[in-house]
Amino acid sequence: MSDVNKTLQKWQASFRKGTDFDSWGQLVEAIDEYQILARQLQKEVQSSNSSDFTEEQKKTLGKIATCLEMRSVSLQCTQSTEEFKLEDLKKLENIIKNILTYNQEFPFDVQPVPLRKILAPGEEENLELEEDAVAVASCIEAFPPRVPVSQGTLLPRLPSEPGMTLLTVRIEKIGLKDAGQCIDPYMTISVKDLNGVDLNPMQDTPVATKKEDIYIHFSMDVEIQRHLEKLPKGAAIFFEFKHYKPKKRFTSTKCFAFLEMDEIKPGPIVIELYKKPTDYKRKKLQLLTKKPLYLHLHQTLHKDS
């Protein structure tokens with residue numbers, strides 16, 4: 001397979017990954033994937049020594065990058081008057097696939113992203129945003145106020161039932177190399193089956209305010225909203241660590257961890273952290289770091305005999 005065909009396959013896979021996240025409502029992950037792909041396309045557009053694509057094809061790639069950014073902005077901005085819909089974006093997959101032979105008029109009246117840096121997620125810590133690196137759509141200045149999560153949405157313990165067991169998970173602390181830089185950190189807790197389907201209401205902890213060295217201390221109790229005996233085989237409890245990114249103006253998932261059924265037992269437990277996006281099906285897990293950084297929990301079982 002030629003290098004250009006490998007590149008096109010890579011772009012198509014990234015595009016589908018982003019639209020899948022978008023369809024599933026995983027908006028933070030969708031935005032990240034769209035921005036990564038937009039940056040890759042823009043690098044190709046700006047490349048002066050590439051002969052894989054004609055100038056006309058590069059112009060089309062630039063317009064696709066614009067559409068990806070417009071969709072990202074639509075997901076972040078509820079007040080946009082120029083909303084770019086997911087079904088519109090999906091029309092572009094075929095253009096990416098057939099870019100070498102595509103000779104029709106572009107379906108949307110957009111201009112290629114101007115020459116500038118497009119930052120992939122994570123790069124904003126290392127690069128200064130240029131003045132013209134504001135989002136493409138005009139609604140970027142009209143971001144709605146961020147909804148404060150400081151109070152959290154933790155739920156009370158369920159009523160006890162004879163012979164049934166309830167679980168309280170105390171989130172003690174999480175170890176992160178950049179713990180001190182995380183703004184408004186909190187955890188989202190969910191219970192999923194093997195297919196990633198929610199079994200319980202999702203809960204958010206209040207924002208953690210105590211930071212010490214490489215640790216963010218939570219010291220918060222989470223009441224799992226189903227008796228353990230009623231959880232299906234293969235279920236798992238997920239802990240997603242989230243923090244606010246002021247330069248992007250949205251809350252991002254940094255990493256996640258999970259407890260499987262055979263790990264539910266009284267007392268302390270330390271579990272590993274994995275790279276985002278959250279893999280609810282637990283198929284392709286990647287450790288966040290090789291360093292010994294973990295999520296520290298303490299479990300309490302309540303059984304009504």
Side-chain angles (χ1 to χ4, degrees), residues 9-37 40 68 71-72 75 86-87 89-90 93 120-122 153-155 165-167 169 171 174-176 185-205 222-243 250-265 269-290 293-297 299:
Q9 284 197 354
K10 180 182 173 185
W11 290 347
Q12 288 176 68
S14 179
F15 185 89
R16 280 195 297 271
K17 190 175 177 184
T19 54
D20 283 348
F21 281 137
D22 204 339
S23 300
W24 299 332
Q26 292 179 249
L27 305 188
V28 171
E29 291 80 2
I31 290 165
D32 276 0
E33 199 63 40
Y34 290 152
Q35 291 179 344
I36 288 170
L37 179 55
Q40 290 172 349
L68 289 163
R71 179 59 188 164
S72 296
L75 293 178
L86 175 59
E87 53 263 38
L89 189 68
K90 284 184 174 180
E93 182 175 1
T153 58
L154 294 180
L155 298 167
T165 309
L166 289 168
L167 171 64
V169 180
I171 302 175
I174 187 172
L176 297 166
Y186 69 99
M187 288 273 186
T188 295
I189 301 91
S190 58
V191 183
K192 311 276 188 181
D193 69 10
L194 269 174
N195 294 314
V197 176
D198 278 306
L199 299 170
N200 282 4
M202 296 178 79
Q203 302 181 64
D204 292 331
T205 69
V222 180
E223 304 292 346
I224 302 306
Q225 299 294 301
R226 185 176 290 208
H227 295 87
L228 296 183
E229 291 81 2
K230 296 179 182 178
L231 288 173
K233 185 177 180 180
I237 303 168
F238 282 82
F239 303 85
E240 296 173 82
F241 178 82
K242 300 181 178 180
H243 64 131
F250 68 84
T251 297
S252 172
T253 299
K254 184 177 183 69
C255 59
F256 72 99
F258 58 88
L259 270 177
E260 296 188 306
M261 300 302 290
D262 60 359
E263 296 175 300
I264 295 177
K265 54 194 71 169
I269 186 171
V270 175
I271 56 177
E272 293 179 311
L273 302 173
Y274 296 98
K275 290 181 181 178
K276 66 177 184 180
T278 308
D279 181 7
Y280 296 123
K281 295 183 181 181
R282 292 160 269 163
K283 299 286 188 185
K284 297 179 181 178
L285 299 169
Q286 283 186 288
L287 287 175
L288 178 67
T289 174
K290 292 179 181 177
L293 300 173
Y294 304 101
L295 178 62
H296 297 249
L297 308 172
Q299 302 180 82

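FYI, side chains are in, hydrogens and waters are out, and symmetry mates aren't considered; it's all heavy atoms of this structure.
In this structure Y280 satisfies the ring-ring contact (aromatic ring centres under 6.0 Å, His included) test together with F238, sequence neighbours excluded. With sequence neighbours excluded, the residues satisfying side chain to side chain contact (heavy atoms under 4.5 Å, CB included) with E93 are F15, R16. Contacts of F256 classified as ring-ring contact (aromatic ring centres under 6.0 Å, His included), with partners at least two apart in sequence or in another chain: Y274. Considering only residues two or more places apart in sequence or on other chains, E223 meets the side chain to side chain contact (heavy atoms under 4.5 Å, CB included) condition with R157, T168, Q225. When the side-chain hydrogen bond (donor to acceptor under 3.5 Å, both in side chains) test is applied to D198, the partners found at least two apart in sequence or on another chain are K192. For S252, the side-chain hydrogen bond (donor to acceptor under 3.5 Å, both in side chains) partners at least two apart in sequence or on another chain are K276. For H227, there are no ring-ring contact (aromatic ring centres under 6.0 Å, His included) partners two or more places apart in sequence or in a different chain. The salt bridge (Lys or Arg N to Asp or Glu O under 4.0 Å) check on E260 picks up R282, with sequence neighbours excluded. For K230, the side-chain hydrogen bond (donor to acceptor under 3.5 Å, both in side chains) partners are E161, not counting sequence neighbours. Every residue meeting the side chain to side chain contact (heavy atoms under 4.5 Å, CB included) condition with L154, not counting sequence neighbours, appears here in chain and number order: Q203, T205, P206, V222. Shown here are the side-chain hydrogen bond (donor to acceptor under 3.5 Å, both in side chains) partners of T165, two or more places apart in sequence or in another chain: E229. Partners of K233 under the side chain to side chain contact (heavy atoms under 4.5 Å, CB included) rule, at least two apart in sequence or in another chain, do not exist in this structure.
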